[in-house]
2 protein chains.
Amino acid sequence: MRAHNLALVLGQVAAAHRPPSRADLAASTGLTRATVSALVDDLVVGGLLAEVGPAPRAGAGRPAAGLVLHAYGPAGLGLEINVDYLAGCVVDLTGTVRHRAVLHGDQRPVSPTEVLTAVAGLGARLRAEALAAGRVVAGAALAVPGLVSGTGLVHRAPNLAWHDVDAAGTLAGGPLGDLPVTIDNEANLAALAELHAGGQGLDSFVYVSGEIGIGAGIVLHRDLFRGARGWSGELGHVCVHPDGPRCRCGALGCLEQYAGQEALLRDLPAGEAGLARLRADTDLAAHRLPAAGTSLGVALAGVVNMLDVDTVVLGGIFGPLAPWLAPAVEAELSRRVLTSAWSPMTVRASALGPAAAAVGAAGAVVRDILAEPAEWVRT
Amino acid sequence: MRAHNLALVLGQVAAAHRPPSRADLAASTGLTRATVSALVDDLVVGGLLAEVGPAPRAGAGRPAAGLVLHAYGPAGLGLEINVDYLAGCVVDLTGTVRHRAVLHGDQRPVSPTEVLTAVAGLGARLRAEALAAGRVVAGAALAVPGLVSGTGLVHRAPNLAWHDVDAAGTLAGGPLGDLPVTIDNEANLAALAELHAGGQGLDSFVYVSGEIGIGAGIVLHRDLFRGARGWSGELGHVCVHPDGPRCRCGALGCLEQYAGQEALLRDLPAGEAGLARLRADTDLAAHRLPAAGTSLGVALAGVVNMLDVDTVVLGGIFGPLAPWLAPAVEAELSRRVLTSAWSPMTVRASALGPAAAAVGAAGAVVRDILAEPAEWVRT
DNA sequence: GTCAAATAATTCAACCGCTAAACAAATTCC
DNA sequence: GGAATTTGTTTAGCGGTTGAATTATTTGAC
């Protein structure tokens, strides 16, 4: 019960626009001022909340002490393995990114163990930086472009050609020592980053992650949707044409064959260079991208009909390509989504830069602390 | 806290295979025997639990008093409006159907108000029957083949040609008096019925409801998934061929055009008669149904890739047709679902008879009481 | 400049609900 | 018939919330 109320109070502080007073919290939580005072005291000595000077207020009365999340409370380390880069960042309790780093380079020729060791090294460096700045990293999360079990087993990461890689086991005792590391899908964590950075009114959406493959993270009522076993969001292998070209996964006509990076950059250089060329050659873009957007729209329409979300966020490489893609996606959605007749869909580009999943991963760590403050307050 | 523990104890009784003793409940909930005793006492005087004679047990010790859900506790009324029938039933706390009724007849020519009044009348009759048998109906739920808002507004029921029908408002003060009635989608409630009747190990699945249209109810971890606004599960309008035939909804190549009742019964009499003919003419069935199953499989594969469930239940008219449909569905799923490589999909026919949604609706009412016993215990 | 009004936060007694341990009840085993 | 065993109840104690009274700190009026 105490644990629940601690989380309740902390959540109210996190959600507030201005630093709330204890009295504000009592009003918004329904608890007594006495109770809130006791809870806040625990959270302050636990290092999760801090008092700020009283904000000038109109009218009489004793001024209220504002409460904010402690900027030097426990921090989260986010790591990301992707096909063509490794990334990491440290985020404080308020959600502000404090340190970040990216290592470019194709990871496909590197063995899983070496990739994991490299990203752990990157994480250790960031952790040391954070410590030097006065921040203790409380935990880490690692984003991987593949299907991950709760135990930290990467079942399959097709575009890295990983297969039953025990990521959690490999990381244990490495450069990160005994820091607890959770492992999750890249699109899921990027969707969380979008949820918290994207801001205003974003409640339920599908985040489409265009990297080498196409993944999706589904957020419903500000909560990540994981499916029954945590393997949801394989948008890239939703069928667009039942007898289309064969996909790497063995099936016919998967979306990835129409809107994956390789399809978009056919006859162009791979990676950033190809993307730049595509954006520069407006003729080519105007020809190739709307078709991909239509396929994306067909697949997403099916998803939306089943899942009922009202917003699609285009992320990864789809973000910068959104000007060409979004109109086609939108057209297909309004044509095919049953509810769009009275509740139109929104399609927007992601508000995030590169390495969104790393930011989301770090954010997930601090959100876990905020959701479960009781453990942290005991120490 | 008390409310939570009341629900916890009640849930354990509901989930148990044999009538548990207070000591069993203490063990399974982690509470003390003393606490459980106090909670059970409240639930017994509240009329939700009943004691049964001690079951003969091996070994020494005082015999335990078994606890069961009270068969004469508050009951739930389930109602269903469908294109070609109205149905209703009363279910007691244990989930047993005690009274039921069906009114056959095409509802399409009838006005929404008349349909709603008719189904309410059916409900009132069942309620009176239940009362005569000693059961008080505590609430009702109505299943409608369409998209329903939380406020009881039927936004659209395409196959009834309903459009913004205020079902809750129309029912208020009618034959059901002031009995609280919730309104929900037919496939959702049928899925709940499957969850509770289907039994063993059914945890996460997609229930496919083949009626005039094709709907789906999604259950994840024994919990109904509703999407952001409660409009999930429109499987019938998932795209199978982006440039297939035009659907009533305006889009091209919707699943309904390939596996809807009208497509299955082309050139055959509509309704039951046509279905009987189709099943009798094995040549025709073997020719027509696997193709429909393949389309169903393509659409479901996309759904499963996104939602990550491991079981598909074929309900409505797809239930009796499952022998012809299921193999094709299964083949398509194992070909197209990414996770099927290491975690094969299950496709099975529904265990339910007709009017599954009415049973699910009544079950939903009693499950609500069981989930929130505190309110009931106060009186 | 002092005092009343207003608002914030703390203190303290009372109470609710759970726990732990002792105790009473009802049966089997020897 | 008595020891052993298991169930269920009773009682004291404790954590945590409530509600009222109290203290603290400011604004505004006279």
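Order of the sequence lines fixes the chain letters, A, B, ..., with proteins taken first and strands second; residue numbering starts at 1 for each chain. Heavy atoms only: backbone and side chains are in, while hydrogens, waters and symmetry mates are out.
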- request: Can you tell me the distance, in whole Å, between the CG atom of D41(B) and the C1' atom of dT9(D)?
  value: 9 Å
task: Specify the closest pair of heavy atoms between A143(A) and L189(A), including all atoms of both residues, with the distance to one decimal.
output: CB-CD1, 3.5 Å
- request: Check whether any side-chain nitrogen or oxygen of S37(B) sits under 4.0 Å from OP1 or OP2 of dG8(D), and answer yes or no.
  value: no
- prompt: Base, sugar-phosphate, or nothing: which does A38(B) touch, judged by heavy atoms less than 4.0 Å apart?
  reply: nothing
query: Got a donor-acceptor contact below 3.5 angstrom from the T29(A) side chain to the L25(A) backbone?
result: yes
message: Measure CG/L39(B) against P/dC16(C) and give the value in whole Å, please.
response: 16 Å
- prompt: Using a distance-only test with no angle check, is there a side-chain donor-acceptor pair under 3.5 angstrom linking T151(B) and S149(B)?
  reply: no
- request: Would you mind reading off the distance between R2(B) atom CZ and dC15(C) atom P, rounded to a whole angstrom?
  value: 17 Å
field: Residues in contact with DNA chain C, drawn from residues 6-27 of chain A - heavy-atom cutoff 4.0 Å
entry: S21(A), R22(A), A23(A)
query: In whole angstroms, how far is the P atom of dG15(D) from the CG atom of D42(A)?
result: 13 Å
message: Taking 4.0 Å as the cut-off, does a side-chain nitrogen or oxygen of N5(B) come that near to OP1 or OP2 on dC18(C)?
response: yes
- request: Please report, rounded to the nearest Å, how far the P atom of dT25(D) is from the CZ atom of R62(A).
  value: 6 Å
Check residues 127-139 of chain A and write down every donor-acceptor pair under 3.5 Å in which the side-chain atom is one partner and the other belongs to a residue at least two apart or another chain.
residue : atom : partner : partner atom : Å
R127(A) : NH1  : L176(A) : O            : 3.2
E129(A) : OE1  : H99(A)  : ND1          : 3.3
R135(A) : NH1  : A71(A)  : O            : 2.5

Between the protein and nucleotides 18-22 of chain D, which nitrogen or oxygen pairs are less than 3.5 angstrom apart?
residue : atom : partner : partner atom : Å
dT18(D) : OP2  : T32(A)  : N            : 3.2
dT18(D) : OP2  : T32(A)  : OG1          : 2.8
dT18(D) : OP2  : T35(A)  : OG1          : 2.8
dT18(D) : O5'  : T32(A)  : OG1          : 3.1

- request: For residues L179(B) and A140(B), report the shortest heavy-atom separation together with the two atoms involved.
  value: CD2-CB, 3.8 Å
query: Tell me the side chain to side chain donor-acceptor pair (under 3.5 Å) pairs involving residues 6-23 of chain B, sequence neighbours left out?
result: Q12(B)-S28(B), S21(B)-D24(B), R22(B)-E51(B)
- prompt: Of all residues at least two apart in sequence or in a different chain, which pass the side-chain contact (heavy atoms from CB on, under 4.5 Å) check with R222(B)?
  reply: L195(B), H196(B), D203(B)
field: With sequence neighbours excluded, residues passing side-chain contact (heavy atoms from CB on, under 4.5 Å) with V309(A)
entry: S204(A), V206(A), L220(A), V304(A)
message: Quick check on R2(B): does its CZ atom have over 12 non-hydrogen neighbours (other residues, nucleotides or ligands) under 6.0 Å away?
response: yes
